[in-house]
Protein chains: 2
Amino acid sequence: MVNRAQKTESIALWMVEDDALFRDGVRTLINRTPGFFCEHTFTNCEDALKLLETEDAPRILLMDLGLPGMSGIEGMRRVKELSPATDVLVLTIYDDDERVFEAICAGASGYLLKNSSGEEIVSALSQIIQGGAPMNAQVARRVLDLFSRMAGPKGKYDLTPREKEVLGLLVGGLSKRQIADKLIVSFYTIDTHLKNIYEKLHVHTRSGVVAKALKERLI
Amino acid sequence: MVNRAQKTESIALWMVEDDALFRDGVRTLINRTPGFFCEHTFTNCEDALKLLETEDAPRILLMDLGLPGMSGIEGMRRVKELSPATDVLVLTIYDDDERVFEAICAGASGYLLKNSSGEEIVSALSQIIQGGAPMNAQVARRVLDLFSRMAGPKGKYDLTPREKEVLGLLVGGLSKRQIADKLIVSFYTIDTHLKNIYEKLHVHTRSGVVAKALKERLI
DNA sequence: TAAAGAATACCGTGAACGCGGTATTGTCCG
DNA sequence: CGGACAATACCGCGTTCACGGTATTCTTTA
């Protein structure tokens, strides 16, 4: 059990983890660490969410991903909805692109693998409190790769400044007429610009332009 | 100087860094570390790129960002073009969104701040060799935030499965006729679906739909 | 100075779109 | 059982688009 002094001065953690062995190991580790205490543990997200309705949210939530019932990702999403200030530290065996991506999008503040040492886990908690995002280096590499792939190849099509301007308005949803009015030029001028843009981007429709511009961040 | 044994067995690093004090400090640190040696140092990207034309690329490149002449980001881009296998470790004082974002998109394999300890730098080199991406925890948090912001708010418009299907084809650039043919339904059916999609997304044009779908990742 | 590129402007035609209607069928849920 | 919703289908009208031309003016660059 946890004494009163710890409760008032220490940082509260909750943990969702279905593996009893791992759960108890981490709880013991945390409760031996000054400044932190493990307030509740759960074997599934549903129970944690239920308690969140009546109790104050913890500062940090340790979250497994492979869980019975609601997935850790979905659980994280709901927790962050109810308590955006809670930092969720993912602690899992999975490090595939899909899971890492989803976890980050769901608002994870860190991502450790279960092969992490006790030291690493404790250090991760401090880093989270300091506004950092502790990540397994392999996971971090995945994140960077995903990121740069997502940011894409930023195609180079040698659009002129004016063409980029027109492109921007096009993506904004304006018609040729509206673009012409906004730039105070003739309708026909915009028509010509569009023809040139289409040719440069190798597309034949407005939607094609918009898709390409957004996918390749041309604007 | 570096002896032959080190040269053949150790991992070669190059460094671009205009601050002489910091440069020499890190070089000494690396050359004292078994398994690594600092083969060349440069005060600007141009010199490094020139040498890259005639010499083998290093396994790791330590790159400053605030440099005279070509920026570290641009330099990194060019290095990665010439030698994609080279891992670039950014070592800088800047940790703003813009710079972090650009560095990742340019293909950085790690991002440390200059207040890192010697230990951290050396450990980062090992992590890079092991396929990890060493990152300052603050920077990592920035990356996660950027990432999840970029992934966006994933708007909820209650599109039906069929509507999502049509939306996908629409974004792919197909006309109503083509979508109808592909889904083996009447042109009019697609016309109706489109009307409903327009209403749900509050847009009035194909381009508007494409823009919204891509920006909010509806597909 | 000549060539190249950027920005501007005009026209006509056939195709595609946006949107106002209306209507039938099937399924799921209260 | 009956309403809600999804998916299907049809029609017409006015607007907008895509694209084929051609052409002038002004920089920039070779």
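Residue numbers begin at 1 in each chain, while the letters A, B, ... track the order of the sequences. Everything quoted here is computed from the prediction, not taken from an experiment. Because only heavy atoms are used, hydrogens play no part in the values below, and waters and symmetry mates are left out as well, while side chains stay in.
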Euclidean distance, atom CG of residue B/Leu194 to atom P of D/dA6 [Å, nearest integer]
16 Å

Per B/His193 side chain, nearest of listed nucleotides D/dA7, D/dA18, D/dC10
D/dA7

For a salt bridge (charged side-chain N to carboxylate O under 4.0 Å, His left out) check, start with the C-alpha distance between A/Asp24 and A/Arg27, then their side-chain angles and the critical distance, and finish with the verdict.
CA-CA 5 Å; A/Asp24 293 341; A/Arg27 177 169 48 193; 2.7 Å; yes

Tell me the interatomic distance from B/Lys164, atom NZ, to D/dA6, atom P, rounded to whole angstroms.
11 Å

So, is B/Ser186 close to the D/dC10 phosphate, meaning a side-chain N or O under 4.0 Å from OP1 or OP2?
yes

Separation of D/dC17 C1' from A/Tyr188 OH (nearest whole Å)
14 Å

B/Arg99 pairs by salt bridge (Lys or Arg N to Asp or Glu O under 4.0 Å) with which of B/Asp95, B/Asp97, B/Asp96?
B/Asp96

Is B/Arg162 near enough to D/dT8 that one of its side-chain N or O atoms lies under 4.0 angstrom from OP1 or OP2?
yes

Distance in angstrom units between A/Glu199 CD and D/dG20 C1', rounded
12 Å

Are A/Met135 and B/Val143 packed together at the side-chain level, in the sense that at least one heavy-atom pair is separated by less than 4.5 angstrom?
no

Which of B/Leu52, B/Asp87, B/Val88 passes side-chain contact (heavy atoms from CB on, under 4.5 Å) with B/Pro58? It is B/Leu52

Given atom NZ of B/Lys195 and atom C1' of D/dA6, what is their separation to the nearest angstrom?
16 Å

Hey, are A/Glu216 and A/Tyr157 close enough side-chain-wise for a donor-acceptor pair under 3.5 Å?
yes

5'-most contact on DNA chain C: B/Ser207 or A/Leu183, nearest heavy atom basis?
A/Leu183

When only distance counts, do a donor and an acceptor, one from the side chain of A/Asp191 and one from the base of D/dC19, lie under 3.5 Å apart?
yes

Could you tell me the separation between the CG atom of A/Asp181 and the C1' atom of D/dT16, rounded to a whole number of Å?
14 Å

Nearest whole angstrom, please: distance from the C1' of D/dT8 to the CD1 of B/Ile184.
14 Å

At under 4.0 Å between heavy atoms, what does A/Thr192 touch on the DNA or RNA strands: base, sugar-phosphate, or nothing?
base

Of all nucleotides in DNA chain C that come within under 4.0 Å of a heavy atom of chain B, which is furthest toward the 5' end and which toward the 3' end?
C/dC17 to C/dG21

Given atom CD1 of A/Ile197 and atom P of D/dC17, what is their separation to the nearest angstrom?
13 Å

Using a strict 4.0 Å threshold on nitrogen-to-oxygen distance, state whether B/Asp64 and B/Arg23 make a salt bridge.
no

Spatial distance of atom CZ (B/Phe36) from atom CG (B/Leu125) [nearest 0.5 Å]:
5.0 Å

Mapping B/Asp158 and A/Tyr198 to their closest nucleotides on DNA chain D, which lands nearer the 5' end?
B/Asp158

